[in-house]
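Here the structure is a predicted model, which means the values were calculated and not measured.
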Amino acid sequence: YVVIKNEDKYFITKRLAGDSRLTGGFSIGQGGHINECDVDAVDGRLVRAEDIVLECVKRELSEETTFEGEPNGHTIDVFIDDSDDVSKVHACILCVVETDQDIKVKETDKLSGAWYTEDEITTGIFDNFENWSKIAYSKLFGRKKPKATKKEKIIAVNNVKNVMNEKNGK
């Protein structure tokens, strides 16, 4: 589960299509499975778990986003979430990749994406996060989501809608 960071902003996506259990939800990470090709990519070297995770990160970023080059990242935590049918059969390796690239999603029929600050995430997006993103938020920022005032929520929600509409040409 790869969180993409550019200075003080984080790349947030919204699922437009796909698994009906996840459609409509927002995510702070790009995710996928560790595949056999990730293990094969480190063939011939002393295989370490972090090498396999890095290969998976590179593959997921190239499949889902316009990220180019070698990711500058690190693993920050591992967790299991058994709160729903999707999550309870997966373990999460939470990684952060820092970049100066203006990343975009590739599959625009399935995802929309935009950059947000921690404050914008806290006040306007958090309540619509998939559960893994809520857990990742607490691990990234070292706290649970604080309560926002009603006025802050209205302003933030309107800002999120405007940015997502701009990114989708509406």
Task: Rounded distance (nearest 0.5 Å) linking atom NZ of Lys14 with atom CG of Leu111 - done: 11.5 Å

Open item on the list: A side-chain contact here means heavy atoms from C-beta on lying under 4.5 Å apart; do Tyr10 and Ile4 qualify?
Closed with: no

Task: Residues Arg59, Glu55: salt bridge by 4.0 Å N-O rule - done: no

Open item on the list: Is a donor from one side chain sitting under 3.5 angstrom from an acceptor on the other, for Tyr1 and Ser133?
Closed with: yes

Task: Side chain proximity check, Phe129 to Ile121, heavy atoms < 4.5 angstrom - done: yes

TODO: Compare all side-chain heavy atoms of Lys5 with those of Lys9 and state whether any distance is below 4.5 angstrom.
DONE: no

- [ ] Any chance you could measure Phe141, atom CZ, to Glu118, atom CD, to the nearest 0.5 Å?
- [x] 4.5 Å

Task: Glu7 CD to Glu98 CD distance, which is reported to the nearest 0.5 Å - done: 10.0 Å

TODO: Would you indicate whether the side-chain heavy atoms of Glu120 and Ile125 approach each other to under 4.5 Å?
DONE: no

Task: Ring-ring centroid check Phe67 Phe11, cutoff 6.0 Å - done: no

TODO: Please report the C-alpha distance between Lys110 and Leu16 in whole Å, then the side-chain angles of each, then the deciding distance to 0.1 Å, and finally whether the side chain to side chain contact (heavy atoms under 4.5 Å, CB included) criterion is met.
DONE: CA-CA 5 Å; Lys110 295 181 182 176; Leu16 305 174; 5.8 Å; no

Open item on the list: Between Thr66 and Lys104 (side chain of the first, backbone of the second, donor and acceptor by atom type, cut-off under 3.5 Å), is there such a pair?
Closed with: yes

- [ ] Of all the heavy-atom pairs spanning Val57 and Cys95, show the shortest one and how long it is.
- [x] CG2-SG, 4.0 Å

TODO: Find out whether Tyr116 and Ile28 are in side-chain contact, i.e. whether some heavy atom of one side chain is under 4.5 Å from a heavy atom of the other.
DONE: no

Task: Pairwise distance CZ(Phe26) to CD1(Ile12) - rounded to 0.5 angstrom - done: 9.0 Å

Task: Spacing of CG belonging to Asn72 relative to OG1 belonging to Thr99, to within rounding of 0.5 Å - done: 8.5 Å

Task: Linked, directly or transitively: Val97 and Leu54 (ILVMFWY side chains, under 4.5 Å) - done: no

Open item on the list: Using only atom types and a distance under 3.5 Å, with no angle test, would you say the side chain of Thr75 pairs donor to acceptor with the backbone of Asp77?
Closed with: no

Task: Over 12 foreign heavy atoms within 6.0 Å of NZ, Lys134 - done: yes

Task: Approximate separation, where rounding is to 0.5 Å, of Thr13 OG1 and Ile103 CD1 - done: 12.5 Å

Task: Gln101 (side chain) donor-acceptor with Glu68 (main chain) under 3.5 angstrom - done: yes

Task: Sidechain N-carboxylate O distance under 4.0 Å for Lys106, Glu64 - done: no

Open item on the list: One pair to check against salt bridge (charged side-chain N to carboxylate O under 4.0 Å, His left out): Arg15 and Glu130. What are the steps and the verdict?
Closed with: CA-CA 10 Å; Arg15 291 184 194 264; Glu130 300 166 350; 2.5 Å; yes

